[in-house]
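The next block holds one structure in the form of structure tokens; read it before the comments.
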Amino acid sequence: MMKSLIAIGIVSALILGCSSGTPKDEHAGHVPAESEPAAQYTCPMHPQVIQDKPGSCPVCGMDLVKVSKTKEGRADLMLSDSQMKLANISVQDVTTSTVGQALVINARLAANETLTEAISSRSAGRIEKLWIKETGRMVLAGEPLYEMYSETLLTLQREYLLAEEQFIALGASEPRYASFLEASKRKLLLYGLTQQQIENLGRSKTIQQRITFLAPSDGIVSEIAASEGQYIEEGALLYRLENIRQLWVEAELYPDESAYIRTGDKITVRVTGTDLPSLEARVIFLSPEYRTNTQITVMRAAIKNPGMQLKPGMQAQVHFTHSAHSAIAVPTDAVIRDGKGTHVYVEIGTHTFQPRMVTTGIENVDQVEIIQGLKEGERIAVTGAYLLYSEYILKKGTDPMAGHQH
């Protein structure tokens with residue numbers, strides 16, 4: 001009996017000990033479920049637009065698409081073969097190259113004054129007809145310019161025909177008649193007739209009352225100094241032609257720009273409003289000037305005119321680089337910029353990319369210097385980097401550089 005009472009007491013003490021202390025939690029042993037990540041909304045065309053509620057894109061007006069943040073800690077983005085081809089994503093090794101600061105200066109095309117040709121009358125006479133009556137027109141070599149009546153030219157034609165008759169009749173026995181014929185021919189050439197016109201005169205034996213004079217070279221008519229019916233003296237200016245096979249590129253440089261360019265430097269010229277690729281020119285002249293309380297330097301460069309497509313007065317842009325040095329540089333298309341900073345996509349595996357923050361330096365038209373963030377030999381996405389940026393936001397639901405310290 002005593003042993004039974006002792007056993008009951010021990011059991012009661014254990015029950016009281018378990019029931020005392022912390023009140024029993026009706027949810028004890030149940031692990032609360034982790035809260036789901038909040039949904040966000042982005043624009044398929046402008047993935048930099050991210051909002052926490054539905055709406056329209058402030059850039060293009062499209063409806064925002066719902067995306068959910070992933071729980072992954074890694075920022076890798078893996079693509080399939082078809083995705084790589086559709087997005088036209090290409091990669092290349094990071095290398096060291098020469099990169100410099102790019103400068104872009106507005107310029108204009110001008111006629112090369114050293115190639116401008118003045119067409120004047122070789123003899124006194126009357127202008128019977130002007131074939132070209134308007135400035136700005138393109139003239140080709142051998143194209144008719146004007147017709148002229150001149151007593152001097154009539155006399156020279158008679159002399160040539162007479163010398164030719166004497167040479168035919170007496171040239172075999174008297175060699176001097178050959179020199180007479182050659183002298184009369186040379187006079188006609190000096191007075192502006194062409195070799196073909198002289199040969200036609202010898203065949204027809206007919207003196208031309210009105211002589212047609214031809215353009216000696218290609219060019220644009222910039223000035224017409226005569227009129228039909230006008231009597232002009234020997235040496236009077238008739239036309240002025242601007243040869244445009246080579247043009248000048250003229251630009252005005254401020255002191256902080258002129259310090260980086262010298263005579264003989266090569267520059268790149270892009271002409272506005274044409275389909276021509278970038279053209280290379282060489283600086284031939286620098287002229288410091290003082291205009292309206294400002295010190296400028298007029299730069300002049302010579303440029304070829306392929307296909308005669310360029311005209312004086314066209315607007316252009318001059319591109320040149322300075323402070324060139326050797327550094328790690330990547331193509332401009334490989335660098336993505338957003339509100340969080342600047343980053344590139346590094347290939348860490350087959351078709352697997354990871355965004356990485358980089359610090360950029362000087363830039364030019366084609367390259368961007370990378371000061372920090374990349375090493376030589378790593379592989380980065382070049383073409384299609386922006387599509388990787390869009391795909392990352394649509395898949396991950398967050399900016400690639402979110403959480404980075406900038």
Side-chain angles (χ1 to χ4, degrees), residues 111-135 137-247 302 304-305 308:
N112 187 337
E113 296 177 0
T114 61
L115 301 179
T116 299
E117 185 168 358
I119 299 178
S120 59
S121 175
R122 304 290 181 90
S123 64
R126 184 176 64 250
I127 301 297
E128 298 291 344
K129 182 177 182 179
L130 292 178
W131 289 90
I132 308 297
K133 299 181 180 181
E134 65 277 354
T135 60
R137 176 178 169 181
M138 183 67 191
V139 176
L140 300 179
E143 186 174 348
L145 288 180
Y146 64 97
E147 290 182 3
M148 183 178 183
Y149 170 83
S150 172
E151 292 288 344
T152 302
L153 293 177
L154 291 177
T155 302
L156 292 177
Q157 290 182 81
R158 293 190 187 99
E159 289 182 1
Y160 177 79
L161 292 178
L162 178 60
E164 189 178 45
E165 291 178 2
Q166 292 175 342
F167 174 75
I168 294 174
L170 305 173
S173 58
E174 295 289 342
R176 58 179 178 168
Y177 289 106
S179 62
F180 293 161
L181 178 62
E182 183 64 25
S184 61
K185 177 181 178 180
R186 189 178 299 111
K187 285 183 180 180
L188 290 175
L189 291 173
L190 292 175
Y191 273 84
L193 273 70
T194 64
Q195 179 70 32
Q196 185 64 41
Q197 288 175 319
I198 296 175
E199 292 177 0
N200 292 338
L201 174 64
R203 285 194 297 265
S204 65
K205 312 296 183 183
T206 303
I207 296 175
Q208 300 296 320
Q209 300 292 327
R210 299 165 61 170
I211 301 297
T212 300
F213 290 88
L214 310 179
S217 60
D218 300 343
I220 292 180
V221 179
S222 61
E223 183 181 355
I224 302 176
S227 303
E228 290 182 351
Q230 178 182 357
Y231 187 88
I232 58 175
E233 298 292 338
E234 182 179 351
L237 178 66
L238 303 178
Y239 289 96
R240 195 178 299 275
L241 296 183
E242 294 178 347
N243 191 326
I244 62 172
R245 293 190 180 276
Q246 187 185 75
L247 296 174
K304 294 182 179 179
N305 188 3
M308 312 289 281

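One is the number of the first residue; the rest follow in order along the sequence.
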Short question: side chain of [X], backbone of [Y] - any donor-acceptor pair under 3.5 Å?
X: D218; Y: A141; result: yes
X: T194; Y: Q197; result: yes
X: Y239; Y: I132; result: yes
X: Q157; Y: Q208; result: yes
X: R240; Y: T116; result: no

If you measure from [atom1] on [X] to [atom2] on [Y], what distance do you get to the nearest 0.5 Å?
X: E199; Y: R203; atom1: CD; atom2: CZ; value: 6.0 Å
X: I220; Y: R137; atom1: CD1; atom2: CZ; value: 12.0 Å
X: M138; Y: L241; atom1: CE; atom2: CG; value: 9.0 Å
X: F213; Y: I119; atom1: CZ; atom2: CD1; value: 11.5 Å
X: R126; Y: M148; atom1: CZ; atom2: CE; value: 9.5 Å
X: L188; Y: R122; atom1: CG; atom2: CZ; value: 12.0 Å

Close side-chain approach of [X] and [Y], heavy atoms under 4.5 Å:
X: L115; Y: E242; answer: no
X: T114; Y: Q246; answer: no
X: E147; Y: T212; answer: yes
X: L193; Y: L156; answer: no
X: K205; Y: E164; answer: yes
X: E234; Y: T152; answer: no
X: S150; Y: I211; answer: no
X: I207; Y: R158; answer: yes

Which atom names give the shortest non-hydrogen contact between [X] and [Y], and what distance separates them?
X: S184; Y: Y160; result: OG-CD1, 3.5 Å
X: I232; Y: S121; result: CD1-CB, 3.4 Å
X: S123; Y: L153; result: OG-CG, 3.9 Å
X: N305; Y: L247; result: ND2-CD1, 4.1 Å
X: E117; Y: P216; result: OE2-CG, 3.3 Å
X: L237; Y: E223; result: CD2-OE2, 3.9 Å

Output, in order, the C-alpha distance, side-chain angles, deciding distance and verdict of side chain to side chain contact (heavy atoms under 4.5 Å, CB included) for L145 and L238. CA-CA 9 Å; L145 288 180; L238 303 178; over 6 Å; no
Tell me, with the steps shown, if V221 and E134 meet side chain to side chain contact (heavy atoms under 4.5 Å, CB included). CA-CA 8 Å; V221 179; E134 65 277 354; over 6 Å; no
Return yes when atom CZ of F167 has more than 12 non-hydrogen atoms of other residues, nucleotides or ligands closer than 6.0 Å, and no otherwise.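 No, because the 6.0 Å sphere around CZ of F167 holds 12 heavy atoms or fewer from other groups.
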Test side chain to side chain contact (heavy atoms under 4.5 Å, CB included) on I224 and T135 and set out the steps. CA-CA 7 Å; I224 302 176; T135 60; 4.2 Å; yes
We want to know whether E151 and Y149 form a side-chain donor-acceptor pair, criterion being a heavy-atom distance below 3.5 angstrom. yes
Under the side chain to side chain contact (heavy atoms under 4.5 Å, CB included) criterion, do K133 and E228 qualify, and how do the steps go? CA-CA 10 Å; K133 299 181 180 181; E228 290 182 351; 3.0 Å; yes
